[in-house]
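Per chain, numbering begins at 1; letters A, B, ... match sequence-line order. Just so it is clear, the structure is predicted and the values come from calculations on it, not from any experiment.
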Amino acid sequence: MLDLAYVREHLEEIEAMLRKRQTRFDLEPLRALDAERRKLVRELEEIRQQRNQISEQVARLKRAKETEGHARAEALMNESRRLGAEEIKPREDRLNHLDAAMEPLLLNLPNRPYASVPEGWSSEDNVEIKRWGEPRRFDFEPLAHWDLGLQLGILDLETAARLSGARFAVYRGAGARLERALANFMLDLHTRKHGYQEILPPALVNSAALRGTGQLPKFAGDLFKCEASDLWLIPTAEVPLTNLFAGQTLEAADLPRSVTAWTPCFRSEAGSYGKDVRGIIRQHQFQKVELVKISRPEDSYADLERLTLDAEAVLQALELPYRVMELCTADLGFSSAKTYDLEVWLPGQQAYREISSCSNCEDFQARRANIRYRAGGKGKSHYAHTLNGSGVAVGRAWIAVVENYQQADSSILIPEVLRPYMGMERITR
RNA sequence: GGAGGGAUGGGUGAGUGGUUGAAACCGGCGGUCUUGAAAACCGCUGUACGGGAAACCGUACCGGGGGUUCGAAUCCCUCUCCCUCCGCCA
């Protein structure tokens, strides 16, 4: 959520920002509601002051207990009654109405991109800023993961379809083990080498949490909701991890706070029909190791670099070629001010595909979730900055390992760092 | 699922419908004393918004929402959360 006062004073800038984001959003209703609201609040405060003064006089007269004061008190009470019914109540009702009308508008306004974010019209305009590793040269035709998974008996999409439908997977044997090995490796790396605290959060959260991180109200359609309760399946651990700090005022000296979690993620992916229909690139349920940092504003961009490197370290340790993309204004997520995507090389697709997305949301989520910090427990508190990134998507790392480490006989060589977790050097049929 | 209890400022915890933004204590800050520190004593110590150059003034806030009343932390309704007991259960 943007600061309403800021929006009020920088209408043209916000309009330009929305254009850069390719977002259609008419600010005029918000502006008009805000103007009326401010006028109303001022009137209301004035009238309430009158009423408070009258009540004070009534109290004084009642205490004096003089007979001639009684009539005066009666008159004052009548006047106060009139103020309440004719002047205050209608304005309060109108104010409630205005607040209710403004809230969804404000909550649907996306974050402002950071000044250096490249302008663009689509994901085509994202800027590659780094490339690591060299895509391997195969002396045979590399297979896609769905073929390898089927041949090796480690991925069973047919059974998954029977159990749950499209976009679900059953992993078997070494396939299931590989998923767990990847997650364990990532958690160990982030907790031991990168200073993150391991968290095991709920996979169901309430709507307030989702509003805090920005998924609600705008993206309800992308989520799975439990019937007859205000519980939703998390689309990413960013939601519970960031909301760990909701409503808190953190000690400035303790920042940045770094947390990580391995969770299942659930996405209905409404509107993704026809995209990545084969294999397990795009699933309704997948696992992800998530990284979240709560930072001081002056440090948040340095922390974003750190967090991105923490995610990159996973791919480097697995020796998977990747590139780092800076998202342009059009591709930037709703809550993000700046985002780096990590794209891993997939030989089966002959393409770099997203495996991590690392964002600085600045104070956008902090304002929604009320996450503050303060130095020494005194003085004014300020909104913190929130950062999140995948470190990394486990399901996609599974694909990357399987496709990049495939051998001519369709076996999968296990990357060195995973061998202790896998208890084997190679997956064979 | 059933029954009961609770939610007050940074913390603990008072609070009879009328100078209560809210006692007291703890914590924090400042001061006196001291070579220094502690102790003791004295004073100060919530947030948001609006107005103002400022001093300051105003409005709102005692879990959320609504109601009663001239006036609500205080009375009523409702929701949420927490605790205790019972039932069920991994």
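Rounded to a whole Å, the CD atom of Glu103(A) is 13 Å from the C1' atom of G65(B). Asn206(A) has its CG atom 14 Å from the C1' atom of C79(B), to the nearest Å. Taking atom CD on Gln50(A) and atom C1' on C70(B), their separation rounds to 14 Å, with Å as the unit. G50(B) atom P lies 10 Å from atom CG of Leu4(A), rounded to whole Å. One interatomic measurement links the two molecules: CD of Gln53(A) to P of G71(B), which rounds to 15 Å at whole-angstrom precision.
Across the P atoms, C83(B) and A73(B) are found 29 Å apart, a figure rounded to whole Å. Taking atom P on both G67(B) and G9(B), the two are 25 Å apart, rounded to the nearest angstrom. With both ends at atom P, the span from G2(B) to C61(B) equals 34 Å, rounded to whole Å. Only the C1' atoms considered, C79(B) is 25 Å distant from G87(B), to the nearest whole Å. Rounded to whole Å, the C1' atom of G65(B) lies 15 Å from the corresponding atom of C81(B). Only the C1' atoms considered, A14(B) is 11 Å distant from C25(B), to the nearest whole Å. For G36(B) and U47(B), the C1' atoms lie 39 Å apart once the distance is rounded to whole Å. Rounded to whole Å, the C1' atom of G17(B) lies 6 Å from the corresponding atom of A72(B).
Partner of Leu307(A) under the side-chain contact (heavy atoms from CB on, under 4.5 Å) criterion, chosen from Val292(A), Leu387(A), Asn388(A): Leu387(A). Tested against Ser300(A) for a side-chain contact (heavy atoms from CB on, under 4.5 Å), the candidates Asn360(A), Asp363(A), Thr386(A) yield a single pass: Asn360(A).
The partner of A3(B), taking Watson-Crick or G-U wobble pairs whose two distances both stay under 3.5 Å, is U84(B). Base pairing analysis places U35(B) opposite nothing; no Watson-Crick or G-U wobble pair with both distances below 3.5 Å involves it. Nucleotide G63(B) has C79(B) as its partner under the Watson-Crick or G-U criteria, with both atom distances under 3.5 Å. Judged by Watson-Crick or G-U wobble contacts below 3.5 Å, the nucleotide C44(B) has G28(B) as its partner. The partner of G17(B), taking Watson-Crick or G-U wobble pairs whose two distances both stay under 3.5 Å, does not exist in any strand shown. Judged by Watson-Crick or G-U wobble contacts below 3.5 Å, the nucleotide C49(B) has G58(B) as its partner. Of all nucleotides present, none satisfies the Watson-Crick or G-U wobble test against U69(B) with each distance under 3.5 Å. Pairing of A22(B), defined by two Watson-Crick or G-U wobble distances under 3.5 Å, is not identified with any nucleotide.
Taking only side-chain nitrogens and oxygens, Lys89(A) comes nearer than 4.0 Å to OP1 or OP2 of G67(B). OP1 and OP2 of G58(B) both lie 4.0 Å or more from every side-chain N or O belonging to Arg48(A). Contact annotation: Arg42(A) side-chain N/O to G51(B) OP1/OP2 distance is under 4.0 Å. Between Asn52(A) and the phosphate of U59(B), there is a side-chain N or O to OP1/OP2 separation shorter than 4.0 Å.
For the 3.5 Å distance criterion, the side chains of Gln50(A) and Glu87(A) fail to qualify, holding no donor opposite an acceptor.
Along RNA chain B, the nucleotide closest to Gln49(A) and the one closest to Asn78(A) are compared, and the more 5′ of them pairs with Gln49(A). Residue Arg38(A) is the one, among Arg38(A) and Asp93(A), whose nearest nucleotide of RNA chain B lies closer to the 5' end (criterion: closest heavy atom).
Residues Ser411(A) and Arg426(A) approach most closely at OG-NH1, 2.9 Å, considering heavy atoms.
Among the heavy atoms of the strands lying under 4.0 Å from Asn96(A) are primed sugar atoms or P, OP1, OP2 only; no base atom is included.
Rounded to the nearest 0.5 Å, atoms CD (Glu79(A)) and CD1 (Ile54(A)) are 5.0 Å apart. Summarising the geometry, atom CD1 belonging to Ile371(A) is positioned 10.5 Å from atom OH belonging to Tyr383(A); distances are rounded to the nearest 0.5 Å.
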For Glu45(A) and Arg42(A): C-alpha separation, side-chain torsions, deciding distance, then whether salt bridge (Lys or Arg N to Asp or Glu O under 4.0 Å) applies. CA-CA 5 Å; Glu45(A) 289 191 355; Arg42(A) 201 176 288 199; over 6 Å; no

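One N or O donor and one acceptor, one from the side chain of Glu45(A) and one from the base of G58(B), sit under 3.5 Å apart.
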